[in-house]
Every structure is written in C-alpha cells, then in structure tokens.
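This report concerns only the one structure given below.
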Amino acid sequence: MFFTLCLALTLLFLNRPAYALSTDWLINPQQPEARVRLHLSGEEDSDSRQLSAALEVQLSGDWKTYWRSPGEAGIPPEVDWRINQQQGSSNVENVEWLWPVPERIEMLGLHTFGYKNGTVFPLLIQVEDLSEPVSINAKLQLSSCTTICVLTDYDIRLDFTPSELESDPEASFLIDKALSQVPTYMPDTGLSTESVVWDKGSNKVIVTAHSETGWEKEVDVIIDGQEDITFSVPDIKVQGSQLQAVMDASSWLGDYDLSEEKVTVTLLNGDSALEKSLSVKKGSVSSLTNDSTTTSLIVLLGLALLGGLILNLMPCVLPVLGMKLSSVLHASGQETSLTRKQFLSSAAGIIFSFWLLAIFLWALKLTGNSIGWGIQFQNPWFIGFMVAVTALFAANLMDMFEIRLPSFLSTRLATTGDNSTAGHFVQGMFATLLATPCSAPFLGTAVAFALSTNSFNLFAIFTALGVGLALPYLLIAAKPALLKWMPKPGHWMINLRRILALMLLATTLWLTSLLQAYLPVYLLLVIALIPTLLILHRLLISMMPHSGKGLLLLPALFLSLAIVLFGAWSTGLFTPEKSTSDSLAWQPLNEQEIARMVAEGKTVFVDVTADWCVTCKANKIRVIDRDPTNSLLQQVNVIPMKGDWTRPSEEINAYLQKNGRFGVPFNIVYGPGAPEGLPLPVILDHETVAAAIQQASSR
C-alpha cells in the first residue's frame with residue numbers, strides 16, 4: 001500500500017499541468033477596500049517577444065478607480081516597471097498598458113471617467129529574450145475614490161522563464177474578456193470618426209462621426225490627449241447614420257489654442273467602441289451643427305444648387321457657355337424627342353463629372369491627402385490634357401475634323417451639334433472640368449461642408465452642384481418649346497461658331513500659360529502657336545473668296561505669332577515668378593508673422609490665390625489692383641500677404657482648412673480689431689474690402 005501510494009503521488013506530480021504564474025492578491029493596509037494582482041496567461045508571440053498579461057483591480061462597495069484621462073478630478077493608475085534600473089525589472093524591454101472602455105461617473109457635480117468596483121487592465125509585456133529568466137519588480141500607484149480619495153502603492157514582484165510557461169485557461173479567459181472591452185482590439189464595428197473642429201470664439205469642439213449600423217440609445221463621445229484641457233459632457237445629436245457631438249473645452253491655464261493639436265476621440269455606441277487619433281481643425285461650430293434633423297442639409301443642398309447655377313455666369317465658364325450655345329443652335333428645328341434626349345445627355349455628363357470629382361476627393365480624404373475645390377489644376381498632366389481638349393473643341397467648331405467611333409457604335413465623340421447622345425454627354429463632362437477653376441457665391445459654403453462631413457453628404461452636395469450647373473440643359477429638356485425663341489438658322493450661325501472657336505482658343509492659350517512652372521517658355525510658345533496658327537488659318541480661309549485662299553498662310557502665321565506673344569505678355573509668361581507691374585509689396589503667407597504683426601498694431605490683408613483660378617484673376621483686376629483698394633493696401637500700416645496655391649502646398653492647404661475653406665480665392669483681413677480675422681466674400685468689391693480693413697484696424 002505504501003509503494004502504491006508513493007507511485008500514485010509520483011504520477012500525479014509528473015502529470016500536474018504547469019500553469020502560468022500570477023501574484024497573490026496585494027492589499028495595502030491604508031486601503032483595505034482595494035486589492036490587485038498580476039496575471040500571466042502563458043501565451044506568447046515569438047515574433048514580437050510579447051507575453052499576454054493583465055493587472056486585475058477589485059474594489060468593494062462604491063469605490064472606483066480612474067481611466068487614463070480621469071476628467072475633472074482623479075489620478076489615473078500608473079505602474080513604474082523600473083526597467084533598466086538597479087534592483088528593478090530585468091529582461092523586460094517594454095510594457096504596453098491597454099485601457100478598457102470607461103464609464104462616465106458624476107459625483108458632487110464633477111464628471112470623471114473610470115471603473116466602479118474595479119476592472120482588468122490588459123498588458124503586453126515585451127521581453128528581451130524568451131529563453132532567459134524574467135524578473136518583474138514594479139510599483140503600482142492606484143487612486144481609489146468614493147466621497148474621499150486614497151492614493152496607495154503596491155509592490156509587484158514576479159519571477160519566471162517565458163519559455164517554460166504553459167497556458168492558463170482561466171487567466172486567458174480573463175485577459176481575452178478584458179481585451180474585448182479595449183476599443184483598439186474590437187472587431188470592425190462600422191463606426192468612423194470623421195472630424196474634430198474647434199471654434200476658439202466659443203471655446204467649443206464639435207466631433208462628427210458615422211455609424212454604418214445605426215446608433216444605440218447609449219452613445220457617448222470622449223476626447224482626451226490634452227493634459228491641461230478638459231471637455232464637458234457632449235451635446236449629442238443623431239441624424240440617420242450621422243452623429244454630431246458638441247462640448248465645451250476649458251483649461252486652468254487660461255488662454256489656449258487647440259488648432260492642429262492631436263486629440264484622441266473615443267466613440268461609444270452601445271457595446272461597440274472606436275478609438276482614433278485626429279488633428280483638430282479650426283472652424284465655426286455654428287456652421288456645422290444641426291439645429292434640426294433635416295433643415296441644415298436641405299439648406300446646404302439649396303446653396304449648392306444655387307452655387308452650381310451661378311457658376312454658369314462666372315468668367316471661366318464662357319467656353320462652357322459657348323458649347324451650350326452651339327448645342328442650342330443645332331438643336332433648333334429638330335424633333336422634340338431628339339432635342340430632349342440631347343440635352344438630358346449633356347446634363348447627365350455634367351452630373352456624372354461631379355460624381356467623378358466627389359469620388360476623387362472622397363478617395364483623397366480617406367487616404368489623408370490634401371483636398372480642395374479645383375486642386376486637379378495643380379497637376380501639369382491634367383492641365384496638358386485640358387489644353388488638348390479645348391484646342392480640339394475649337395478646331396472642331398471650325399469644321400477642321402470630326403472624330404468617329406467604330407461604326408458598330410454609330411456615335412461621334414467630341415463633336416458639336418452631333419445628333420448622338422455620346423457627343424453631348426462628353427460635352428457635359430468637359431464643361432464641368434472647365435468650370436472647376438472658378439468659385440462662385442454660395443459655392444464655397446457648400447463645398448466646405450461637403451469636404452468636412454460624411455461620405456453621404458459629400459455626394460449629395462456634389463450632386464446638387466451638378467444639377468445646378470446642368471439646370472439650363474434640364475430646363476430646355478423639360479420645355480423644348482423654348483428653342484422656338486431662338487433665331488432661325490442662317491449665315492449668322494457660322495459667324496457665331498467662329499466666335500465660339502476663338503473663345504475656346506483663348507481658353508487654350510490661358511491653360512497653356514499655366515504650364516509655365518513646369519515647361520520652358522520657348523516650348524510653351526511653340527505649343528501655343530500651333531493651334532493658334534491652324535485655327536486662324538482656317539478662319540481666314542472661311543472668310544475669304546476661293547481665289548485668295550492659297551495666300552493666307554503667311555498672314556495667319558504673323559497674326560498667330562502676334563496673338564501668342566500678346567497672350568504671353570498679358571498672362572505673365574515672361575515673368576514666371578512675379579509680375580514686375582505689381583505695385584504691392586506682397587509678403588509670403590506666414591501665420592506666425594500674422595500674429596506678430598497684429599500684436600504690433602499692423603493690419604494684414606491675406607490673399608490666397610492660384611494662377612489657374614479665374615475668379616482670383618477677376619478679383620485682382622477688378623478690385624485689388626485698382627483704386628481705392630490698391631491705395632489702401634499700400635498704406636504703411638497695412639501688410640499685404642499672399643499664399644500661392646498654384647502648386648500643391650501642405651501649409652496653404654492646412655491654412656485654408658483651418659479657416660473652413662477648401663478652395664480659392666480666399667481673402668481675410670487681420671488686425672488689432674480682428675485678431676481672429678475677418679473673412680471676405682468670394683467675389684470682392686471695394687466697399688467690402690475697405691470696411692474690413694477699417695474694422696480690423698480699429699482698437
């Protein structure tokens with residue numbers, strides 16, 4: 001019997017599983033209501049040399065401990081692992097502390113974030129060598145509170161060899177359950193935090209978020225990452241899949257600046273959570289918040305529709321207007337059904353192009369790239385493509401060629417007055433591309449909202465812009481009888497086609513001048529000379545008797561050369577950096593310099609512009625370069641400052657977005673009376689600029 005008993009005990013000892021280690025419960029006599037212990041699950045990642053562990057905290061009664069950002073009161077728990085210290089932890093390279101989703105706890109009017117009755121904090125312990133012994137000698141500082149708070153220390157000691165550990169199912173379950181409450185370890189929840197905007201004037205922050213699965217009754221938004229700034233309980237409004245949370249920001253340090261600072265947003269939606277680090281953008285909370293569930297979006301859709309309609313009247317859309325007029329003229333006298341089909345095709349081309357722009361900007365937004373209205377004109381390949389397109393349209397208006405698709409399609413591409421729907425669809429697409437260098441009243445507000453909101457609103461706003469630009473087409477498609485008001489076809493139509501061809505030729509020369517930052521001047525002159533010569537030669541041939549047509553090449557050449565040289569001079573092609581005729585001493589845009597100059601009592605006029613922006617050029621010619629505005633900007637106390645967005649610039653893009661803008665022109669006046677700046681409308685006038693300078697200059 002003795003032998004059998006010894007054998008049984010030996011077999012029991014040999015077959016006993018070697019579970020992973022845990023410390024005993026640690027209790028500090030100063031706080032008997034709290035106890036802690038360290039668990040090891042026995043699981044390891046050989047590639048990262050990480051061990052799975054957890055720190056379990058149990059609190060009795062109403063006691064609680066705190067999250068990493070405790071809120072308006074409290075101290076978060078902290079462990080000093082004493083890595084690389086004498087008599088400290090050894091063979092430990094790093095320890096990552098993971099934070100489960102906290103509760104929002106209110107007591108005595110203070111709002112804090114923490115854990116009632118304790119929690120389990122998952123840990124990832126990275127060791128230097130998995131085959132060598134590990135010694136943990138750390139000190140935990142734990143704050144636990146009810147109506148009073150107690151700060152206690154716990155010495156955590158544990159020795160083990162990672163390669164000899166085996167999995168402990170109970171510890172693994174405890175750690176996995178805690179990890180399921182950590183936002184960064186949760187599976188895809190369908191949540192996305194899209195933007196954080198700070199309004200310095202009201203000291204409010206607005207967080208915009210989206211949920212693919214909808215919002216639960218228990219929703220919360222927490223902002224942390226700024227140690228000296230606390231955020232109030234959010235005022236949350238849900239509109240479909242969209243959420244907006246507005247909260248006050250305050251600091252015991254007094255004045256502060258949140259713009260461009262990094263914050264961490266924790267989004268709670270029932271049992272789901274998302275944690276994301278974002279840069280705070282400067283803007284106006286009042287322009288983003290939804291006072292009702294539907295009114296805001298409806299108003300912005302109306303502004304987008306009106307902005308797209310007004311875009312038809314902007315100077316850069318004259319070539320578009322020319323193509324429209326050409327279509328109208330050739331539609332006169334044909335069947336009503338065919339007219340309706342052609343104009344609906346053109347409208348579809350315009351709207352489709354706006355969808356393409358929305359997809360392009362949406363992709364840039366998702367990948368963290370710069371976004372803005374008209375930024376495709378910062379790409380020389382796009383400009384070159386548009387040069388070719390406008391030149392081909394101009395040549396086509398002069399009947400120099402006609403492009404046909406394969407016969408089985410029976411359509412023509414890029415032809416004016418063609419009866420096919422494909423030709424009109426393509427005309428609508430190119431009309432949109434030619435319109436994008438322009439800004440119009442109401443357009444900036446709609447685009448700024450679209451680029452700072454969720455994907456649905458982005459596409460909705462751009463659809464409304466497309467419908468606005470296509471409204472003349474849609475009007476004629478709905479009432480083809482309107483074409484009866486057009487003059488009857490005759491020889492005047494040929495003259496009008498010549499005028500439209502010259503308009504498109506002027507557009508081609510202007511687009512060519514935009515390539516001066518990428519190509520030598522002599523090469524641009526050659527590029528501009530070729531279409532000018534061909535189109536003018538064709539124009540002279542069409543206007544002269546048949547007997548004299550053979551002698552028109554030389555006059556056309558000299559006339560083309562004169563037009564190209566004049567265009568080069570007028571667009572500043574010979575002076576690629578700055579025009580010597582500019583009477584203002586422009587300084588490059590510098591936000592730090594603006595603040596310094598305003599502190600010295602100066603008034604700063606900022607002009608963010610681009611060579612490809614026709615509206616910018618119109619503002620310059622009509623207002624900035626003319627008196628009385630030009631004389632105001634030359635005063636000693638007024639500093640003109642320019643931001644050139646012709647080519648991509650992260651600094652200028654960030655400056656625009658901080659001011660809630662995503663395109664040019666953008667003008668703003670700073671001064672002692674307006675240190676935060678007075679934004680000006682898209683279309684400038686002398687009275688508005690003078691009033692802004694006077695208000696900003698006052699103390």
Side chains of [X] and [Y] only: does a donor on one sit below 3.5 Å from an acceptor on the other?
X    : Y    : value
Q87  : Q85  : no
T152 : N28  : no
H39  : S22  : yes
Q31  : S144 : yes

### Query
Do any pairs count as a side-chain hydrogen bond (donor to acceptor under 3.5 Å, both in side chains) and have a residue in residues 110-120, sequence neighbours left out, and if so which ones?
none
Locate the shortest heavy-atom distance separating [X] from [Y]; write the atom from each residue and the value.
X    : Y    : answer
P102 : L268 : O-CD1, 4.3 Å
Y154 : A34  : OH-CB, 3.7 Å
L98  : L179 : CD1-CD2, 3.5 Å
P672 : V598 : N-CG1, 3.9 Å
P679 : I668 : N-CG1, 3.7 Å
I652 : G643 : CD1-C, 3.7 Å

Ignoring hydrogens and geometry, is there a side-chain-to-backbone donor-acceptor pair from [X] to [Y] under 3.5 Å?
X    : Y    : value
Q58  : W25  : no
S41  : E43  : yes
S251 : I229 : no

### Query
Taking it one step at a time, do E261 and S279 satisfy side-chain hydrogen bond (donor to acceptor under 3.5 Å, both in side chains)?
CA-CA 6 Å; E261 295 290 338; S279 293; over 6 Å; no
Which donor-acceptor pairs under 3.5 Å do the side chains of residues 126-136 make with protein atoms, sequence neighbours left out?
from, atom 1, to, atom 2, distance (Å)
Q126, NE2, S48, O, 3.2
D129, OD1, S131, N, 2.9
D129, OD1, S131, OG, 2.7
S135, OG, D159, OD1, 2.8

### Task
Using the side-chain contact (heavy atoms from CB on, under 4.5 Å) rule, take D257 and W198 through it: C-alpha gap first, then chi angles, then the decisive distance, then the call.
CA-CA 9 Å; D257 189 351; W198 179 58; 3.1 Å; yes
### Query
Within a radius of less than 6.0 Å around CG of N94, do more than 12 heavy atoms belonging to other residues, nucleotides or ligands occur?
yes
### Task
Would you indicate whether D153, at its atom CG, is surrounded by more than 12 heavy atoms from other residues, nucleotides or ligands within a distance under 6.0 Å?
yes
### Query
Would you call R104 and D220 a salt bridge, taking side-chain N to carboxylate O under 4.0 Å as the test?
yes
### salt_bridge(E676, K282) N-O dist < 4.0 Å
yes
### Task
Check the pair S192, H210 against side-chain hydrogen bond (donor to acceptor under 3.5 Å, both in side chains), reporting the backbone distance first and the verdict last.
CA-CA 5 Å; S192 61; H210 176 77; 5.4 Å; no
Are [X] and [Y] side-chain neighbours, meaning at least one heavy-atom pair lies under 4.5 Å?
X    : Y    : answer
I222 : V265 : no
W63  : V150 : yes
L26  : R35  : no
I175 : F121 : no

### Query
Can D155 and K139 be said to form a salt bridge (charged side-chain N to carboxylate O under 4.0 Å, His left out), step by step?
CA-CA 5 Å; D155 291 322; K139 182 181 289 291; 2.9 Å; yes
### Message
Could you go through T189 and T213, starting from their C-alpha distance and side-chain angles, then the distance that decides it, and tell me whether this counts as side-chain contact (heavy atoms from CB on, under 4.5 Å)?
### Response
CA-CA 8 Å; T189 57; T213 58; over 6 Å; no
Side-chain atoms of residues 180-188: list all donor-acceptor pairs with protein atoms under 3.5 Å, sequence neighbours left out, distances to 0.1 Å.
from, atom 1, to, atom 2, distance (Å)
S180, OG, K177, O, 2.5
D188, OD1, G190, N, 3.1

### Message
For R68 and D224: C-alpha separation, side-chain torsions, deciding distance, then whether salt bridge (charged side-chain N to carboxylate O under 4.0 Å, His left out) applies.
### Response
CA-CA 9 Å; R68 64 176 182 235; D224 69 306; 2.9 Å; yes
### Task
Kindly determine whether V604 and V669 satisfy side-chain contact (heavy atoms from CB on, under 4.5 Å), including the steps that lead there.
CA-CA 6 Å; V604 182; V669 181; over 6 Å; no
### Summary
CH2 (W99) and OG (S69) are apart, to the nearest 0.5 Å, by 8.5 Å
